Amino acid sequence: MLALLAGLAGAVCLPVRAAEPVAVQFTLDRPIDAVAAPFVMAQAGGLFSAEGLNVTTGIAASTHEAIARVASGATDLALVDINALIRHRDKEKPDAPHARAVFVLFNQAGYSIIARKSRGIQALADLSGKSLGVVEGDPAAKFWPAVAKQNGIKLSTIKQSTVSPAVREPMLSAGQVDAVTGSSFLSAINLKDRGVPADDLLLLKFADYGSEAYGYAIVVNPGFAAAKPEAVKAFIRAAIGGLQLAIKEPTLTVAQVVSQMDGGTRELELERLRAILRDNVLTPEVRRNGLGGIDAARFEKSIEQIAEDFKFSKRPTAADIFDGSFLPPLDGRLIN
């Protein structure tokens, strides 16, 4: 398997590095699963080391913790929800060092409502009069008010209750709620593993109802970015290479991912990876413009949507949150 990875890595033109590798602390905001596939493959395929990097990966308890680690300098880079970064930045002191996103991995966020068709839900409008389980602090829940407003849905007509992350899927599976907020690549797929008939699940992706939100992004500590800009660029190049390996060899990728999980299954993670690549990464915008960047006008609209559920002390601009100067040339980040 490692020999095959090395052969695939050669196809993405690994550079040769002779200098002492640069130590990089990288943090994921959740335990490893298919979401982390590009980084798992960059490590397993030798892409980080070929870029002159010695990458150590840690796991944070939440996106907020991962962002805090980056802001404090406890970690150099992290993969986090970019909308959580926007909210976090608004609470920071003006003179504090500000972490910024340098590469958007998920061009489209997976925010969704997952519902049971057998409970009389076929479209977003059918949620009126139904029970909706919402996890407090969940990114999808935070975008729900904007999506509801945009689609003429009055939240007062929905029986909304706060649930914990641990019981979200079990409650929907048991019929204790009619629908839940969650993620298209997490909750929706996890529910299938709980024995809920696939033809009874309805995935209402916010992106199909006007949400402009971007999703997971690589963020960097400002001190590290200033001191070692070439290392940041190298990390992004390796991550792109890892993503290309995941696209080319999804089955091999999932085998690598599951080998680092506690109790993961290849079938479930392969479904998750394919959903992520299809819905969140290889979007029409990415196919037009390449990987990793943002459309400034769309990003501003996403900030307006955040404001439906968040009172900014000072509304940020795209330039406040995203720094595209570390991206490789456009031709180097296209996915064909």
Side-chain angles (χ1 to χ4, degrees), residues 30 33-35 37 81 83 105-135 137-153 155 157-161 163 165-216 250 254 264-265 267-286 302 305:
R30 54 176 291 101
D33 57 15
V35 173
D81 184 290
N83 303 296
L105 178 62
F106 282 18
N107 179 266
Q108 190 68 66
Y111 308 153
S112 305
I113 284 176
I114 303 95
R116 299 284 295 271
K117 295 178 184 177
S118 57
R119 311 293 285 225
I121 303 173
Q122 297 293 329
L124 204 65
D126 296 332
L127 288 171
S128 294
K130 304 297 183 182
S131 58
L132 176 66
V134 174
V135 174
D138 178 59
K142 290 180 178 294
F143 262 84
W144 169 228
V147 172
K149 179 179 179 180
Q150 194 162 355
N151 290 274
I153 297 172
L155 295 179
T157 66
I158 299 172
K159 304 168 187 175
Q160 189 166 303
S161 59
V163 301
V167 301
R168 169 171 42 194
E169 286 86 14
M171 287 184 69
L172 184 61
S173 178
Q176 294 173 284
V177 291
D178 302 316
V180 295
T181 57
S183 164
S184 59
F185 54 85
L186 292 176
S187 298
I189 291 175
N190 293 345
L191 274 161
K192 294 180 182 180
D193 196 42
R194 288 187 169 275
V196 180
D199 59 2
D200 190 32
L201 283 175
L202 179 66
L203 181 62
L204 301 168
K205 293 181 284 189
F206 289 178
D208 295 336
Y209 290 90
S211 174
E212 301 287 358
Y214 289 89
Y216 271 111
V254 165
T265 68
E267 293 77 13
L268 198 66
E269 294 311 313
L270 184 58
E271 182 177 2
R272 197 185 318 279
L273 177 61
R274 286 173 171 162
I276 286 168
L277 294 176
R278 180 187 65 240
D279 299 333
N280 309 111
V281 177
L282 302 180
T283 67
E285 182 177 308
V286 164
S302 75
Q305 292 175 343

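All residue numbers refer to positions in the sequence shown, counting from 1. Here the structure is a predicted model, which is why all the values come from computation and not from measurement. Reckoned from all heavy atoms, side chains included, excluding hydrogens, waters and symmetry mates.
In this structure F106 satisfies the ring-ring contact (aromatic ring centres under 6.0 Å, His included) test together with F185, Y216, sequence neighbours excluded. In this structure, the salt bridge (charged side-chain N to carboxylate O under 4.0 Å, His left out) partners of K149, at least two apart in sequence or on a different chain, are E308.
Here the side chain of R116 pairs no donor or acceptor atom with the backbone of V177 at under 3.5 angstrom. Side chain of Q160 to backbone of S131: no donor-acceptor contact under 3.5 angstrom is found. A donor-acceptor pair under 3.5 Å is absent between the side-chain atoms of N151 and the main chain of I153, judged by distance alone. Under the 3.5 Å distance criterion, the side-chain polar atoms of Q305 are matched with a main-chain donor or acceptor of E212.
Here the closest heavy-atom approach between residue G182 and residue R168 is recorded as CA-NH1, 3.6 Å. The two residues L201 and A188 make their nearest non-hydrogen contact at CD1-O, 4.0 Å. Between L127 and I158 the shortest heavy-atom distance is O-CG1, 3.5 Å. Scanning all heavy atoms of the two residues, the minimum distance from A141 to T181 falls at CB-OG1, 3.9 Å. Considering all non-hydrogen atoms of both residues, G120 and D126 come closest at O-CB, 3.8 Å. S184 and I189 make their closest contact through O-CG1, 3.9 Å (heavy atoms, listed as atom of the first residue, atom of the second, distance).
Note that CG of D33 is 9.0 Å distant from CG of L268, once rounded to the nearest 0.5 Å. For the atom pair OG of S183 and CG of D81, the computed distance is 9.5 Å after rounding to the nearest 0.5 Å. Separation of atoms CH2 (W144) and CG (L132) is listed at 6.5 Å; rounding is to 0.5 Å. Between atom NZ of residue K205 and atom CD1 of residue I114 there is a gap of 11.5 Å, rounded to the nearest 0.5 Å. Rounded to the nearest 0.5 angstrom, L124 CG and D208 CG are separated by 10.0 Å. Taking OG1 of T265 as the start and CD of E271 as the end, the distance is 9.5 Å to the nearest 0.5 Å.
Dense packing is recorded around NZ of K117, with more than 12 heavy atoms of other residues, nucleotides or ligands lying under 6.0 Å away.
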Can Y111 and N83 be said to form a side chain to side chain contact (heavy atoms under 4.5 Å, CB included), step by step? CA-CA 11 Å; Y111 308 153; N83 303 296; 2.7 Å; yes
_Apply side chain to side chain contact (heavy atoms under 4.5 Å, CB included) to residues Q176 and V163 and explain how you reach the verdict._
CA-CA 11 Å; Q176 294 173 284; V163 301; over 6 Å; no
### Full working for side chain to side chain contact (heavy atoms under 4.5 Å, CB included) between V281 and V286
CA-CA 7 Å; V281 177; V286 164; 5.6 Å; no
> Given the rule in the ring-ring contact (aromatic ring centres under 6.0 Å, His included) test, do F206 and F143 qualify, once you have shown the distances and angles that lead to the verdict?
Replying inline: CA-CA 8 Å; F206 289 178; F143 262 84; 7.8 Å; no
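Checked against S128 for a side chain to side chain contact (heavy atoms under 4.5 Å, CB included), the options I121, L155, T157 give a single hit: T157.
Here D178 pairs with R119 in a salt bridge; the nearest charged N to carboxylate O distance falls below 4.0 Å. Comment: E269 engages R272 in a salt bridge, judged by a side-chain N to carboxylate O separation of less than 4.0 angstrom.
Contact annotation: the side chain of P165 never approaches that of D138 to less than 4.5 Å [non-hydrogen atoms, C-beta and beyond]. The side-chain heavy atoms of Q150 and Y209, taken from C-beta on, include no pair separated by under 4.5 Å.
Inspection of the N107 and T283 side chains reveals an N or O donor paired with an N or O acceptor under 3.5 Å.
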